[in-house]
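Shown next, in structure tokens, is the structure this report addresses.
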Amino acid sequence: MVKRTEEEKRLLEKAFRFLPGGSLGNVMFSNDDSFIVKRGQGSKIWDVSNNEYIDYLMGSGPMVLGHSHPSVVKAVLNAIENGSTFFTTNESAVMLAEELVKAIPSADKVRFTTSGTDACFQALRIARAFRQRDKVLKFEGGFHGSSDYSLMSNPPHQLYDFPKSEASSAGVPRVIEELVIVAPFNNIDFTTSIIEKHHHELAAVIVEPVQRILPPMPGFLEGLREITSYYDIPLIFDEVVTGFRMAYGGAQEFYGVTPDLTAVGKIMGGGFALGAVCGREDIMSVYDPSQAKPDNLVSQIGTLNGNPIAAVAGLATLKELKKEGTYEYLWQIGRELRDSLDTLCRQAEIPAQTSGVDPVFDIIFTNQTLTDYRSTLTANNQLNNLFRSLLQKQSVFRGPQKFYPSLAHSIEDIQYTKKAFATVIEQVLEFTDSTD
Ligand SMILES: Cc1ncc(COP(=O)(O)O)c(C=O)c1O
């Protein structure tokens, strides 16, 4: 049993008193599982009661080098002595923009934001300005941050006939439903037919190349590229998760499909508040008052856009990622964890599987083949929560969904985690037996 000190109990009480749901909006567990993080180092985090966890949440992805990586810490400490923010073009942001253009196949130019949400939002906005149309197509269950356009059919409360979308959060104006249409991920024929019918009114198609933990089926991204090119509709890859994770050039490098615009965030900010939209020169020119016509000039003002501290953290992170063997290691440990879970579930005859790509994956408690949002509805979420909660009691922290392996996870961490998996899957089996 994890021990909670009086100090942490008091902080938990304060969290619930001062923060809605006691959380920052991201991770909300029941009281029993809630803890307050005090610090992180490498692959580990510690709560206020000094309980240690192997962390697979990793800040929801940015901390691919691990917490407080020495190169990032050093770069940030050096930078902070020279000013925290300027609201005008700064050296580190220019250097990071250059690095993004070198790394990301679709990037000719870069516009910084302070989050992945804003990067996706900006990508949609500049596509609209460029195409002079308002409607966009996204995929059911796809997540592109918390803007009104992203929180459509994610998750839908009701399964409508495609392409009707549904506002998924209170507060999102219902009128947005008229501006967003949805298609089923991985179904290129159906998606193509929707695009063919709506191409004249579409400003963009936005997709996560790996939607949540659903990898694209062979031909899906290629088919999207083909149909959007045919109709001159900007294709946006949301690489907030996959960027610099699947490969240095992201999912577009990995799958060999180049979109017109890319939204990035997480890893490229090294754990600081940074995102970016990047892409084709002609589309990006809508930001440039010297090039854009008055009716398609896009205004984007942000106090912390391209913040120099975030930019140096990003640059230091990318430098580490360019070292030999990094991606091989990330894929290798992810595969090892997945193999272990898949084998344990098969042996225990628990209907479950891992899904995703090795550098970011999850366990889903279903035997159904997973291709799109609707197929994930067969998953037993109660078992997923139980699995997470039991794992946390073994000092392995996953977060509500997704394992994010990092370069800081040592072989010893992986061995420990595999042992924890074995214990937890046995407990899950006992639970399912007891409820049969
Ligand atoms: C695919 C994807 N896009 C966009 C976002 C939003 O990024 P941020 O949380 O930085 O606003 C997320 C966040 O997890 C994401 O997973």
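Just so you know, residue 1 is the first one in the sequence shown, and it goes up from there. Remember, it's 1-based here, ligands and their atoms both numbered in the order they're listed. Only heavy atoms go into these numbers, but all of them, side chains included; no hydrogens, no water, no symmetry mates.
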Enumerate the atoms of ligand 1 whose separation from the nearest heavy atom of G145 is less than 4.0 angstrom.
4 (C), 5 (C), 6 (C)

What do you reckon, are the aromatic ring centroids of F254 and Y327 less than 6.0 Å apart?
no

Heavy-atom pairs closer than 4.0 Å: do any link ligand 1 to the side chain of E208, the backbone, both, or neither?
side chain

Could you check whether S153 and Y373, counting side-chain N and O atoms only, form a donor-acceptor pair closer than 3.5 Å?
no

Looking only at distances, can you tell me whether any N or O atom of S60, backbone or side chain, sits closer than 3.5 Å to an N or O atom of ligand 1?
no

Give yes if a backbone or side-chain nitrogen or oxygen of G116 is under 3.5 Å from a nitrogen or oxygen of ligand 1, and no if not.
yes

Nearest neighbour of atom 2 (C) of ligand 1 from the list T113, D238, V360, on a heavy-atom basis
D238

Give the residue and atom name of whichever protein heavy atom lies nearest to atom 16 (O) of ligand 1, and the separation in Å to one decimal.
R212 NH2, 2.9 Å

Are side-chain N/O atoms of N154 and R212 paired as donor and acceptor at under 3.5 Å?
no

Purely on distance, is any nitrogen or oxygen of T117 under 3.5 Å from one on ligand 1?
yes

Do Y56 and H409 have ring centres separated by under 6.0 Å?
yes

Measuring centre to centre across the rings, with the benzene-like ring taken for any Trp, is F421 within less than 6.0 Å of F403?
yes

Mind listing the closest non-hydrogen atom pair of A107 and L100 along with its distance?
CB-O, 4.0 Å

V240 contact mode with ligand 1 (heavy-atom cut-off under 4.0 Å)
side chain

By number and element, which atoms of ligand 1 are closer than 4.0 Å to a non-hydrogen atom of S115?
10 (O), 11 (O)

If you measure every N or O of K266 against every N or O of ligand 1, does any of those distances drop under 3.5 Å?
yes

Crowding at CD, E52 (>12 non-hydrogen neighbours, <6.0 Å):
yes

Answer yes if the side chains of Q158 and E166 hold a donor-acceptor pair under 3.5 Å, and no otherwise.
no

Do me a favour and list the nearest non-hydrogen protein atom to atom 12 (C) of ligand 1 with residue, atom name and distance?
F143 CE2, 3.6 Å

